[in-house]
J.: 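Before I ask anything, here is the structure I am working with.
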Amino acid sequence: MAREISRVGVVGLGTMGAGIAEVLARSGLSVVAVEVDDEGVRRGRGHIEHSTERALEKGKLDEREHADLHGRISYTTALADLAEVDLVVEAVPESLELKAEVFAQLDKITGPDTVLASNTSSLSITEIGVHTSRPGKVVGMHFFNPAPVLKLIEVVRTVMTEPDVVTDVVAFAERLGKEPVVIGDRAGFIANALLFGYLNHAVRMYEQRYATREDLDAAMRFGCGYPMGPLALLDLIGLDTAYEILDTMYHQSRNRLHAPAPLLKQMITAGLLGRKTGRGFYTYDAPDSPTVVADSTAAESSIPDMATARPVHKVGVIGTGTMAIGIVEVFVKRGYDVVLRARSAEKAAASIARVKKSLDKSVVKGRLSEEDAAAALGRISPAVEFDELAHVDLVVEAVAEDLAVKQAVFAALDEVVKPGTILATTTSSLPVIECAAATSRPGDVLGLHFFNPAPVMKLVEVVSTIATTPDVLATGHALCTAIGKHPVHCGDRAGFIVNALLFPYLNDAVKMLEAHYAEADDIDTAMKVGCGLPMGPFELLDVVGLDVSLAIQRTLYNEFREAGFAPAPLLEHLVTAGRLGRKTGKGFKDYTRG
């Protein structure tokens, strides 16, 4: 028989605890809110009053609901006042010793059937529960900040937690209007375990001066549709909080990718904790303000001298795949003449027909006039021979992701294009310098990694090799800006920015599933609902293609030789079995059932 939960205790009224108390009271529950002293009670009550006042102003609560909500919350400094509650949610600071002491006291105060839940984001629920005489009734109930807004709750079961307790807590979370996912007891649970490895990796990239903070953040926002870039998100979370979570994860996993980047410790020591102190990776106009202000490390210094950019009027595009067609459309819409080189006249004609179809769709949707569409189409010249590219100012290669094929293309181009023509590759993970080495002009070669679909995605990774000259880099940047794209700069390293950050995260998700720690749907839900990502990792893997994902992960592992980058065996097995994702009907999920 399911537990009746009508009276709930909340221990700790910081930002998270106050938010949890508000959520409970909004749901019609009686709440006993406990803080260590009167000053803590005053601050906690202030958090709740501030939040509910804003909800009242925005029409999300009316006057009656507002008054009733506050009437359901009683405040106290005595844990003994929790003697009659049905469930307690602990939300004290992230210290195992402190939480263990609170649970030991709660065990003596509350009834034997009272469920004790911890809101910890990374500490072991098992280690907390053993300090009670009822480890079977101890669970994790990890809310996300701000609790009144975010829907996810990670319900964490230990090897001791009774099944009916998990069932009742899940039902209770649903009653609160939340989306619960059930997981085992592992540092970081789902969301933090996947999120913080990615954030730590971004810090290491910045620490190594591989890319600027602005370019790292813009790459993930424009390339993956993330609501915030990794460094801006770390500023929001707090660098000290991030360090504690990573350190906890590392001590449990011994995974070097979880070892906090040294820069984090240095910034914490210097008091640069993020928004809450007014300065972290970025500088803010005041503590707790979201408004970024210019500082001495602004990215302008990383942008090439635009005065040195070469003029580009005519562009060559090599390839007939989706990416090549999209790049052609991008250029002709912006007024550039394009020579589209294909392996046969038939392929060239078919490719131009695909561009026309896409332009026609833009006309139907009102995004383009018929006249502009016709003019754009008229700027495309089909070609079969390489020497038809002799007079272009820039060539973009978009052939198969095979180094030998790309090198052959670059060698052929080197023979025919005029001096000063820039040669660009759209490779997503292969070494650009290897393409450059196939030419007699390595200084004129760079990477321009567009994202699919090219007409829609704003990001282009501008990749410089050790040979790329400054004026070529400036030309790449200026060209991206001219065609309405957002350029970010990085060096010639496997994965560049986006893939190097994205695919290890996806690989970690596969390892989590492989370990039977959580189900694929729950992992997807945790990352979408808890972190605001547009797609869960398994949804994304199935869209990208498991074979493509495996190839990129292998490239990353082979370049960096980082044990944590080794492809998950489950990913290898699914590719071997021909389960490649949506394109084959089955991947991590089955799409054949409609």
J.: Compare all side-chain heavy atoms of Val203 with those of Leu234 and state whether any distance is below 4.5 angstrom.
T.: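 Yes, at least one pair of side-chain atoms sits under 4.5 Å.
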
J.: Looking only at side-chain N and O atoms, does Thr110 offer a donor or acceptor that is under 3.5 Å from a partner on Arg134?
T.: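 There is such a pair (donor and acceptor under 3.5 Å, judged by atom type) between the side chains of Arg134 and Thr110.
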
J.: State, yes or no, whether a side-chain contact exists between Phe451 and Glu461 at a heavy-atom distance under 4.5 Å.
T.: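 Side-chain contact under 4.5 Å: yes.
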
J.: Side-chain contact test, heavy atoms from C-beta onward, threshold under 4.5 Å: evaluate it for Lys137 versus Asp113 and give yes or no.
T.: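 The answer is yes; the side chains approach within 4.5 Å.
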
J.: Just wondering, do Gln266 and Leu263 contact through their side chains at under 4.5 Å, heavy atoms?
T.: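 Leu263 vs Gln266: side chains touch.
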
J.: Could you check whether Asp542 pairs with Lys583 (Lys NZ or Arg NE/NH1/NH2 to Asp/Glu carboxylate O, under 4.0 Å)?
T.: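 A salt bridge is absent here (no side-chain N lies under 4.0 Å from a carboxylate O).
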
J.: Tell me whether the count of non-hydrogen atoms from other residues, nucleotides or ligands lying under 6.0 Å of CD in Gln208 goes above 12.
T.: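 Yes, because the 6.0 Å sphere around CD of Gln208 holds more than 12 heavy atoms from other groups.
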
J.: Just checking, is any N or O donor in the side chain of Thr158 or Asp185 under 3.5 Å from an acceptor N or O on the other one?
T.: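 No - no donor-acceptor pair under 3.5 Å links their side chains.
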
J.: When you check the gap from the basic side-chain N to the acidic O, do Glu162 and Arg157 get nearer than 4.0 Å?
T.: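 So Glu162 does not pair with Arg157 through a salt bridge.
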
J.: Looking at Asp240 and Lys265, is there a salt bridge between them, counting it only when a charged N and a carboxylate O are closer than 4.0 Å?
T.: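 Salt bridge between Lys265 and Asp240, a charged N being under 4.0 Å from a carboxylate O: no.
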
J.: Is Arg3 salt-bridged to Asp168, going by a charged N under 4.0 Å from an acidic O?
T.: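 Here Arg3 pairs with Asp168 in a salt bridge, since their nearest N and O are under 4.0 Å apart.
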
J.: Determine whether the side chains of Ser133 and Asp107 contain a donor N or O and an acceptor N or O closer than 3.5 Å.
T.: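 A pair is found: one side chain offers a donor N or O, the other an acceptor, under 3.5 Å apart.
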
J.: Does any part of the side chain of Val181, heavy atoms only, come nearer than 4.5 Å to the side chain of Ile190, both counted from C-beta?
T.: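 With C-beta onward as the side chain, the pair touches.
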
J.: Checking Tyr198 against Tyr226 for the ring pair (Phe, Tyr, Trp, His ring centres under 6.0 Å) test, could you report, in this order, the C-alpha distance in whole Å, the side-chain angles of both residues, the deciding distance, and whether it holds?
T.: CA-CA 12 Å; Tyr198 149 74; Tyr226 284 10; 5.8 Å; yes

J.: So, for Tyr557 and Phe565, is the gap between ring centers shorter than 6.0 Å?
T.: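 That pair fails the under 6.0 Å test.
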
J.: With side chains defined as the heavy atoms from C-beta onward, is the minimum distance between Glu90 and Leu116 less than 4.5 Å?
T.: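 In short, these two side chains do not touch, never coming nearer than 4.5 Å.
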
J.: Just by distance, do the side chain of Glu514 and the backbone of Leu570 share a donor-acceptor pair under 3.5 Å?
T.: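 Checked: pair present.
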
J.: Taking the cut-offs as 6.0 angstrom to the six-membered ring centre and 45 degrees off its axis, would you call Arg186 and Tyr517 a cation-pi pair?
T.: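 Positive - Arg186 is close enough to the ring of Tyr517 and near enough to its axis.
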
J.: Do Ser428 and Glu401 have side-chain N/O donor and acceptor atoms under 3.5 Å apart?
T.: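 Indeed, the side chains of Ser428 and Glu401 share at least one donor-acceptor pair under 3.5 Å.
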
J.: Please check if any side-chain donor atom of Ser121 sits under 3.5 Å from a side-chain acceptor atom of Glu94, or the reverse.
T.: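 Looking only at side-chain atoms, Glu94 and Ser121 do form a donor-acceptor pair, the distance falling under 3.5 Å.
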
J.: Taking atom types as modelled and ignoring hydrogens, do the side chains of Ser253 and His258 form a donor-acceptor contact shorter than 3.5 angstrom?
T.: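 Yes, because at least one side-chain N or O of Ser253 sits under 3.5 Å from a partner of the opposite role on His258.
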
J.: Please indicate whether Lys586 has more than 12 foreign heavy atoms, meaning atoms of other residues, nucleotides or ligands, lying under 6.0 Å from its NZ.
T.: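 At most 12 heavy atoms, drawn from other residues, nucleotides or ligands, come within 6.0 Å of this atom.
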
J.: Side-chain donor-acceptor pair under 3.5 Å between Asp217 and Tyr282, yes or no?
T.: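 There is such a pair between these side chains.
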
J.: Name the orientation class of the two ring planes belonging to Phe189 and His142 (parallel below 30°, tilted from 30 to 60°, perpendicular beyond 60°).
T.: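 The arrangement is tilted - the two ring planes meet at 30° to 60°.
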
J.: Do NZ/NE/NH1/NH2 and the carboxylate oxygens of Arg26 and Glu22 come within less than 4.0 Å?
T.: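 Yes, charged N to carboxylate O under 4.0 Å.
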
J.: Do the non-hydrogen side-chain atoms of Leu574 and Phe588 ever get within less than 4.5 Å of each other?
T.: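 Yes, their side chains come closer than 4.5 Å.
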
J.: Quick test of your reading of the model: are Glu127 and Lys99 salt-bridged, counting only N-O distances below 4.0 Å?
T.: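 So Glu127 does not pair with Lys99 through a salt bridge.
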
J.: Any Lys/Arg nitrogen of Glu559 or Arg493 sitting under 4.0 Å from an Asp/Glu carboxylate oxygen of the other?
T.: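 Salt bridge: no.
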
J.: Side chains of His486 and Val460: closer than 4.5 Å at any heavy-atom pair?
T.: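 Contact flag for His486/Val460 side chains = no.
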
